[in-house]
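What you see is a predicted model, and the numbers here were worked out from it, not measured in a lab. Positions are given from 1 along the sequence. Any value given below was found using the heavy atoms of this structure, including those in side chains, with hydrogens, waters and symmetry copies removed.
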Amino acid sequence: MTRPVTDPGVERVRLGLYQLQRLLAGRRPFSAMIAAAGLDLSQQEIQLLQVLRDGVPRSMAELGRSARLDAGAVSRQVRALEERGLVGRRPSPDHGRVVLVEPTSEGLDAARRVHDLRNRHLLDALDDWSGDERDMLGRLLLRLVDDLQDTPYRP
């Protein structure tokens, strides 16, 4: 029998990640952000538009991988975005069976508004942080993400 491993520092990181995850996935903060952007889109629709923000057409499969959504969700959300005039579909010139999804000018505008709004919000939240603190947080978060992805779960 393996004893649970506890460490106060690790426990604070776990708690911080848990609270951050709840904040980022919460309906209230998302609703406030979407209202401030003047949009009426779901979280999944926003995820897809953020992937397409660079204007590069992507296959449904690539769009799903980049947005971390399953094929069924991507199909439903692309259909909804297409009905709203925010994305279009066209056949790939390289692969006959592949359909490419690309943002319309309205879709690019919506994606950029959300991106800019999120950046302004983060800048406002970190306003009292020094440049060194912001830099350190960014580096440590990226390192943590890399380490979590590279570390397998142990039974």
Side-chain angles (χ1 to χ4, degrees), residues 1-37 39 41-82 86-87 89 92 94-95 97-103 107 110-155:
M1 182 170 145
T2 306
R3 288 181 38 201
V5 178
T6 58
D7 174 279
V10 170
E11 210 34 48
R12 278 190 299 278
V13 169
R14 188 202 56 74
L15 179 60
L17 286 174
Y18 173 75
Q19 290 178 346
L20 180 61
Q21 186 177 26
R22 286 184 49 99
L23 174 69
L24 294 176
R27 286 186 181 157
R28 219 176 263 164
F30 178 80
S31 295
M33 187 263 305
I34 287 300
L39 298 170
L41 297 169
S42 72
Q43 285 179 305
Q44 291 181 334
E45 288 170 328
I46 291 294
Q47 281 176 260
L48 293 178
L49 285 176
Q50 289 305 289
V51 171
L52 294 168
R53 186 173 49 85
D54 61 6
V56 175
R58 289 182 171 76
S59 70
M60 297 285 271
E62 184 182 355
L63 192 54
R65 279 191 303 276
S66 297
R68 297 180 188 262
L69 296 172
D70 65 60
V74 171
S75 181
R76 286 188 302 277
Q77 301 311 320
V78 165
R79 191 174 322 111
L81 289 168
E82 193 173 30
L86 299 173
V87 301
R89 297 186 220 203
S92 168
D94 301 324
H95 305 286
R97 291 184 178 189
V98 174
V99 173
L100 298 178
V101 179
E102 59 189 334
R112 288 184 181 132
R113 281 193 303 186
V114 168
H115 180 77
D116 291 347
L117 185 68
R118 285 178 169 164
N119 278 351
R120 279 193 306 277
H121 183 251
L122 194 52
L123 282 168
D124 290 346
L126 296 174
D127 189 50
D128 292 337
W129 293 45
S130 72
D132 287 343
E133 288 172 323
R134 289 185 292 229
D135 184 59
M136 182 184 298
L137 176 63
R139 283 186 287 110
L140 290 174
L141 281 173
L142 291 172
R143 178 179 169 191
L144 177 60
V145 168
D146 287 344
D147 289 346
L148 285 171
Q149 287 177 334
D150 293 342
T151 304
Y153 283 96
R154 290 188 293 163

Closest heavy-atom contact between [X] and [Y]?
| X | Y | result |
| --- | --- | --- |
| Q50 | A111 | NE2-O, 2.9 Å |
| V10 | D7 | N-OD1, 2.9 Å |
| P103 | G55 | CG-CA, 3.9 Å |
| S75 | R89 | O-NH2, 4.4 Å |
| L137 | W129 | CD2-CZ3, 3.7 Å |

Quick check: do [X] and [Y] have side-chain heavy atoms less than 4.5 Å from each other?
| X | Y | result |
| --- | --- | --- |
| Q19 | L23 | no |
| V101 | V74 | no |
| L52 | L86 | no |
| Q44 | L48 | no |
| L63 | V78 | yes |
| I46 | R118 | yes |

For D128, look at atom CG and say whether over 12 heavy atoms of other residues, nucleotides or ligands are found less than 6.0 Å away.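 No, because the 6.0 Å sphere around CG of D128 holds 12 heavy atoms or fewer from other groups.
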
Using the rule given for side-chain contact (heavy atoms from CB on, under 4.5 Å), can you reason through M33 versus Q43, listing the C-alpha separation, both sets of side-chain angles and the distance that settles it, and then say yes or no? CA-CA 11 Å; M33 187 263 305; Q43 285 179 305; over 6 Å; no

Spacing of [X] atom [atom1] and [Y] atom [atom2] [to the nearest 0.5 Å]:
| X | Y | atom1 | atom2 | result |
| --- | --- | --- | --- | --- |
| R97 | S92 | CZ | OG | 13.5 Å |
| R143 | L141 | CZ | CG | 12.0 Å |
| R113 | L49 | CZ | CG | 10.5 Å |
| D127 | L122 | CG | CG | 11.0 Å |
| E62 | L100 | CD | CG | 9.0 Å |

Chi angles and distances behind the side-chain contact (heavy atoms from CB on, under 4.5 Å) call for M136, E133: CA-CA 5 Å; M136 182 184 298; E133 288 172 323; 5.8 Å; no

Quick one: do E82 and R79 satisfy salt bridge (Lys or Arg N to Asp or Glu O under 4.0 Å)? Show the steps, please. CA-CA 5 Å; E82 193 173 30; R79 191 174 322 111; over 6 Å; no

Ignoring hydrogens and geometry, is there a side-chain-to-backbone donor-acceptor pair from R58 to V56 under 3.5 Å?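 Side chain of R58 to backbone of V56, a donor-acceptor pair under 3.5 Å: yes, one is there.
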
Keeping the roles fixed (side chain from E102, backbone from V87), state whether a donor-acceptor pair exists under 3.5 Å.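 No; zero donor-acceptor contacts below 3.5 Å.
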
Would L17 and Q21 count as a side-chain contact (heavy atoms from CB on, under 4.5 Å) if you check the C-alpha gap in whole Å, the side-chain angles of each, and the deciding distance to 0.1 Å? CA-CA 6 Å; L17 286 174; Q21 186 177 26; over 6 Å; no

Could you check whether D135 pairs with R139 (Lys NZ or Arg NE/NH1/NH2 to Asp/Glu carboxylate O, under 4.0 Å)?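 Counted as a salt bridge, because a side-chain N and a carboxylate O are separated by less than 4.0 Å.
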
Could you walk me through whether L140 and L144 pass the side-chain contact (heavy atoms from CB on, under 4.5 Å) check? CA-CA 6 Å; L140 290 174; L144 177 60; over 6 Å; no

